[in-house]
Amino acid sequence: MSIWEYANPKRFMQTSGHVLPWVSGLAVLSLATGLVWGFFFTPEDYKQGSTVKIIYLHVPAAMLAINIWAMMLVTSLVWLIRRHHVSALAAKAAAPIGLTMTLIALFTGAIWGQPMWGTWWAWDPRLTAFLILFLFYLGYLALWEAIDNPDTAADLTAVLCLVGSVFAVLSRYAVNFWNQGLHQGATLSLDKEENIADVFYIPLLISIAGFVLGFVALLLLRTRTEIRARRLKALQARERMA
Amino acid sequence: MLTARDLAVQRGGLPVLAGLSITLPPGQALVLTGPNGIGKTTLLRTVAGLQPPLHGSVTLPPEGAAYAGHADGAKATLTVAENLGFWARIYGTATIEPALEAMDLRALRDRPAQSLSAGQRRRLGLARLFVTGRRLWLLDEPTVSLDAASVARFAAAIRAHLAEGGAALLASHVDLGLDRIATLDLARFRAAPSAPAPGGFDEAFA
Amino acid sequence: MLTARDLAVQRGGLPVLAGLSITLPPGQALVLTGPNGIGKTTLLRTVAGLQPPLHGSVTLPPEGAAYAGHADGAKATLTVAENLGFWARIYGTATIEPALEAMDLRALRDRPAQSLSAGQRRRLGLARLFVTGRRLWLLDEPTVSLDAASVARFAAAIRAHLAEGGAALLASHVDLGLDRIATLDLARFRAAPSAPAPGGFDEAFA
Amino acid sequence: MVELGKYAGVVLAAYGVSLLLLAGLVGLTLWQGARTRRALDAQERRMAQDG
Amino acid sequence: MIALLIRDLRLAMRAGGGFGLGLAFFLIVTVLVPFGVGPEGTLLARVAPGVLWLGALLACLLSLDRIFALDHEDGSLDLLATAPVPLEGVVAVKACAHWLTTGLPLTLAAPALGLLLNLPGPGYGWLTLSLAAGTPALSVIGAFGAALTVGLKRGGLLLSLLVLPLYVPTLIFGAEVARRGAEGLATATPFLLLAGISAGTLALLPFAAAAAIRINLR
Amino acid sequence: MIALLIRDLRLAMRAGGGFGLGLAFFLIVTVLVPFGVGPEGTLLARVAPGVLWLGALLACLLSLDRIFALDHEDGSLDLLATAPVPLEGVVAVKACAHWLTTGLPLTLAAPALGLLLNLPGPGYGWLTLSLAAGTPALSVIGAFGAALTVGLKRGGLLLSLLVLPLYVPTLIFGAEVARRGAEGLATATPFLLLAGISAGTLALLPFAAAAAIRINLR
Ligand code: HEM
Ligand SMILES: Nc1ncnc2c1ncn2[C@@H]1O[C@H](COP(=O)(O)OP(=O)(O)OP(=O)(O)O)[C@@H](O)[C@H]1O
Ligand SMILES: Nc1ncnc2c1ncn2[C@@H]1O[C@H](COP(=O)(O)OP(=O)(O)OP(=O)(O)O)[C@@H](O)[C@H]1O
Ligand SMILES: [Mg+2]
Ligand SMILES: [Mg+2]
């Protein structure tokens with residue numbers, strides 16, 4: 001059986017209906033565990049004080065924000081090449097989640113920056129790149145909104161996503177070239193020596209898992225809604241023609 | 001010259017016409033008729049290759065067809081001669097004189113298109129056909145806004161085109177006064193809406 | 001209802017028609033005919049008050065006239081009902097139902113105007129007339145793109161309007177099938193280009 | 001209650017804003033989902049009746 | 001008249017109507033400035049009030065051609081001119097709709113963008129106040145410019161050219177209020193002048209604009 | 001193809017075609033900047049390269065919707081799509097015409113405007129060079145954005161929203177070249193990167209734009 005079978009709308013509706021409650025349950029569970037653990041039961045950092053607790057929101061949100069765009073890139077490609085409608089609708093469904101994640105990363109970062117760097121905002125490359133990512137999400141969503149015909153909209157936004165991804169990567173390098181940064185380097189490297197202490201690390205991992213599961217649950221929900229909306233539109237049009 | 005086999009066309013994601021087959025040999029014209037909104041424009045755009053068919057296939061002559069739609073594609077600030085000259089160069093035609101002659105635009109040749117009346121602008125849009133050098137013409141309500149004399153002149157031009165081995169597919173609500181011409185009433189091919197199957201999410205996607 | 005006395009109209013600074021007098025009593029319609037470019041659109045715009053006459057005077061009913069030109073004034077993203085409802089509120093008319101009914105737009109009422117076919121959009125443009133509540137209609141080629149059934153329906157609507165004491169001034173190249181209707185051929189009123197007087201710079205300024 | 005020290009405001013603000021945004025997204029998703037579902041059901045029922 | 005306002009707002013909200021786009025443009029221009037002039041905080045703080053005012057002005061400018069051009073193209077303007085509403089009122093209502101969909105959101109969003117440019121503390125209130133007082137003038141002046149260029153295909157750039165010089169006094173006083181506010185100086189005089197400009201243009205320009213439209217329709 | 005280039009240039013030259021308007025807009029923005037940020041010479045000199053680049057970018061942006069929208073509205077784009085010319089070529093030619101009527105004049109005029117902003121001596125050459133290398137990329141990226149929004153009524157602002165983020169790398173490298181040049185620093189790296197972006201976009205984006213147009217005409 002090919003994986004593409006799940007790209008069939010009917011099949012997708014059935015499968016996602018079965019999976020959804022489990023994913024949502026797990027998401028709520030791990031998110032609650034990670035955040036509660038991180039918020040209530042971790043010590044303060046010797047340097048950053050209690051502000052380290054922000055990491056449990058900031059890092060998962062930042063990771064998701066980037067990876068959701070990557071996922072949209074993949075689904076857009078699938079739509080352009082294999083023309084599976086679910087794929088296009090999944091990209092559409094993911095964009096608002098990505099936008100929210102970008103906003104969370106930006107807000108928590110800004111709030112964190114105030115005590116750590118003494119400023120809400122600095123034109124650090126990583127932060128700037130995030131702001132640009134935010135603009136890409138905005139443009140992508142605006143294009144979806146602006147076009148009436150759903151297939152045209154899917155095609156054009158997919159093209160935008162492809163071209164935009166190239167430019168997003170370019171912008172990342174450009175921004176790096178333009179200004180040296182204040183922001184932390186990678187903390188989650190595979191090299192154990194450089195990793196942060198386990199007390200912070202384990203709840204962080206749980207909370208990342210919670211964010212990812214939450215994303216999957218929301219994505220499934222939203223994609224189901226999009227499919228229903230498409231069917232509704234088709235039925236309405238058919239009724240008018242009859 | 002033109003064959004369409006079991007064609008189904010869509011507009012706004014909805015099937016509009018289905019099960020349509022057309023064969024148009026050289027020297028013949030076919031007039032598409034049908035009430036407003038039946039799908040004449042959609043069909044012509046599909047045949048012209050501007051949108052993909054929902055189903056079936058279209059075969060055009062190797063060099064393609066010349067399409068003239070509801071809009072004329074005339075640039076308001078260019079003169080009549082400049083407008084036509086542009087299309088002539090795009091299609092590699094040497095001269096625009098026959099086209100000006102055919103649509104009686106000689107007197108207007110140096111007038112900017114924005115100062116033309118509705119019918120004069122339409123004549124300019126039709127004159128473009130003569131510089132394409134294409135044998136197959138796809139025309140969407142070509143005689144809109146034309147007066148009786150211009151309609152007759154245009155009908156004569158079409159007759160001449162057919163006599164030279166050309167062909168034309170036209171959508172029109174008015175009688176062009178072309179004799180011995182085939183007519184196809186599209187009302188018969190209206191795509192039938194099927195009743196929705198419960199939970200049938202696949203049908204939503206054409 | 002409408003009187004125009006010794007009217008001369010201009011377009012692009014040039015006199016187009018001159019010496020025209022029109023009297024249109026209630027209950028009557030007058031069809032303006034003439035070849036393309038004779039000045040029908042210009043005349044109608046002058047009568048509607050959109051441009052000043054070069055000479056002469058126009059008297060309209062006190063509340064003004066309803067004008068429908070080549071363009072329909074429909075907003076692409078608003079639905080048919082929203083488009084009509086807007087004009088109804090502007091003209092202080094309570095309901096759009098009679099207008100929808102008259103132009104057979106019931107089925108299309110919730111469709112955005114951009115998804116209408118050319119003829120359907122034209123019907124929307126004509127339906128606007130019925131919400132203006134004006135007795136004098138000025139119509140510029142109202143039946144363009146309409147199919148035969150719609151033309152008949154529109155002719156019936158005009159007849160009803162006349163029967164209620166309204167009046168209509170129409171420009172049209174096609175026969176509307178209205179009987180007992182007056183026709184005015186504008187060809188007779190083409191403004192004669194006067195020979196230029198040497199050194200007469202005044203004439204350059206109409 | 002945990003001891004947040006002098007950064008209490010900052011941490012609470014970060015959590016507050018984030019949870020608010022998340023709640024907004026979830027709420028919007030659920031609301032849109034319910035609305036489309038209702039509309040689709042109504043449409044299907046109507047069309048089933050009409051034949 | 002209210003029908004017209006409602007229609008214009010509704011059109012702005014519909015797909016492709018462009019509500020929120022002015023805001024997005026404002027955001028982007030603000031973000032681009034540091035890329036152009038470099039990231040130093042002190043430099044940015046000094047130019048911040050001016051840049052924000054310029055950004056708001058450009059965002060207004062870009063949405064101006066919507067005011068009448070679309071209505072002209074599809075023939076609605078002809079129909080409105082023959083409808084039983086005074087053309088002056090039409091202009092005023094359309095300028096108002098433009099302000100509601102552009103100037104107002106810009107004013108509300110400006111403080112957040114001030115943050116990105118390191119705007120000094122006391123500047124936020126004055127920036128918002130000056131924009132609230134100045135953007136109505138931008139909309140009305142813009143409506144006048146749009147009325148002048150309504151007959152032209154893609155009059156957009158010409159419109160910018162005509163309108164920008166007219167915007168200069170508003171910009172000078174507006175930016176002055178914001179700058180003085182940011183530096184903690186007295187702002188009363190420029191603020192009063194700014195408010196005066198807004199009031200004056202609101203009272204007079206609709207008449208000029210209506211006359212321009214009448215001429216353009218001829 | 002050459003016929004198309006000639007037609008586009010001729011259209012730009014005709015009344016209302018907008019040739020020179022981009023330039024005028026550039027001029028006005030540059031002139032407005034001192035009003036916004038205050039007249040101190042040193043401050044202006046520091047922001048000059050960035051402001052000039054930003055002004056050029058905005059002037060380009062404003063003329064973008066002319067690239068395809070007019071042709072779409074009057075039906076020419078349909079006709080071009082069925083004509084015996086590849087759509088990719090049409091896009092490339094139109095981007096080229098846009099550059100010739102906007103980017104090139106801007107590049108030539110920039111040094112004169114630099115004077116107004118106290119641009120330091122060595123900056124002039126680098127400013128011109130960076131604009132010459134960067135504006136082609138602006139035109140091509142803009143053509144892509146215009147192709148995406150061609151079916152939309154007044155897609156102008158949406159177009160800005162889509163295109164401006166794509167302009168970021170070009171702006172950064174371009175302004176960096178101009179700024180480093182003005183300060184007498186090494187400019188080789190950003191200049192090469194800038195040229196690379198121009199070359200890359202010129203080679204690839206016409207295909208994406210042609211695909212977008214085909215989708216939009218459907
Ligand atoms: C608006 C401001 C900020 C933004 C947009 C931002 C963005 C990001 C991004 C994109 C990541 C990378 C996530 C990943 O891919 O793993 C990240 C990680 C991180 N950020 Fe921020 N950040 C901001 C401010 C701050 C501040 C002020 C601090 C603390 C002083 C901070 C601390 C961290 C830490 C510790 C990580 C984890 C590093 C890693 O795992 O790679 N961030 N942030
Ligand atoms: N700017 C201009 N300069 C010179 N002549 C012009 C200008 N604008 C229009 N004309 C001419 O004015 C005449 C009147 O045009 P008008 O649109 O009124 O004609 P019409 O009778 O409505 O024609 P149609 O039946 O084609 O719609 C036309 O011959 C037109 O060419
Ligand atoms: N987005 C859309 N959604 C639903 N239906 C649409 C959409 N766009 C167009 N239609 C419908 O598709 C049908 C076909 O339109 P088309 O323009 O091909 O008709 P036509 O035969 O050319 O009519 P006319 O004689 O009026 O020009 C029309 O009934 C129209 O209302
Ligand atoms: Mg049609
Ligand atoms: Mg006419």
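Below, read A as the first sequence line, B as the second, and so on, with proteins coming before strands; counting in each chain starts at 1.
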Where [X] and [Y] come nearest, the two heavy atoms and their spacing:
X: G139(A); Y: L162(F); value: O-CD2, 3.3 Å
X: V159(A); Y: A208(F); value: CG1-O, 4.3 Å
X: I172(F); Y: A174(A); value: CG2-O, 3.7 Å

### Query
Are any non-hydrogen side-chain atoms of F136(A) and L166(F) less than 4.5 angstrom apart?
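A side-chain contact under 4.5 Å exists here.
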### Query
Centroid-to-centroid, Y167(F) to F167(A), below 6.0 Å?
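No.
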### Query
Rounded to the nearest 0.5 Å, how far does CG of L161(F) lie from CG of L135(A)?
7.5 Å
### Query
Which one, L171(F), V163(F), V168(F), L164(F), leads in non-hydrogen pairs under 4.5 Å with chain A?
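Greatest number of close heavy-atom pairs with chain A: V168(F).
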### Task
Specify which of A175(F), G145(F), P190(F) makes the most heavy-atom pairs with chain A at under 4.5 Å.
P190(F)
For residues 211-218 of chain F, tabulate all N or O donor-acceptor pairs below 3.5 Å that involve a side-chain atom, not counting sequence neighbours.
from	atom 1	to	atom 2	distance (Å)
N216(F)	ND2	A147(F)	O	2.8
N216(F)	ND2	L148(F)	O	3.1
R218(F)	NH2	D155(A)	OD2	2.6

Counting only pairs under 3.5 Å, give me each side-chain donor-acceptor contact of residues 82-95 of chain F, with atom names and distances, residues two or more places apart or in other chains.
from	atom 1	to	atom 2	distance (Å)
T82(F)	OG1	D78(F)	O	3.4
T82(F)	OG1	L79(F)	O	3.0
K94(F)	NZ	D8(F)	OD2	3.0
K94(F)	NZ	I67(F)	O	3.2
K94(F)	NZ	D71(F)	OD2	2.5

### Among L138(A), V166(A), L160(A), residue most engaged with chain F (heavy-atom pairs, under 4.5 Å)
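Maximum pair count with chain F is reached by L160(A).
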### Query
Under a 4.5 Å heavy-atom cut-off, does chain A meet the side chain of T170(F), its backbone, both or neither?
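No part of it gets close to chain A.
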### Neighbour count above 12 (heavy atom, 6.0 Å) for Y124(F) OH
yes
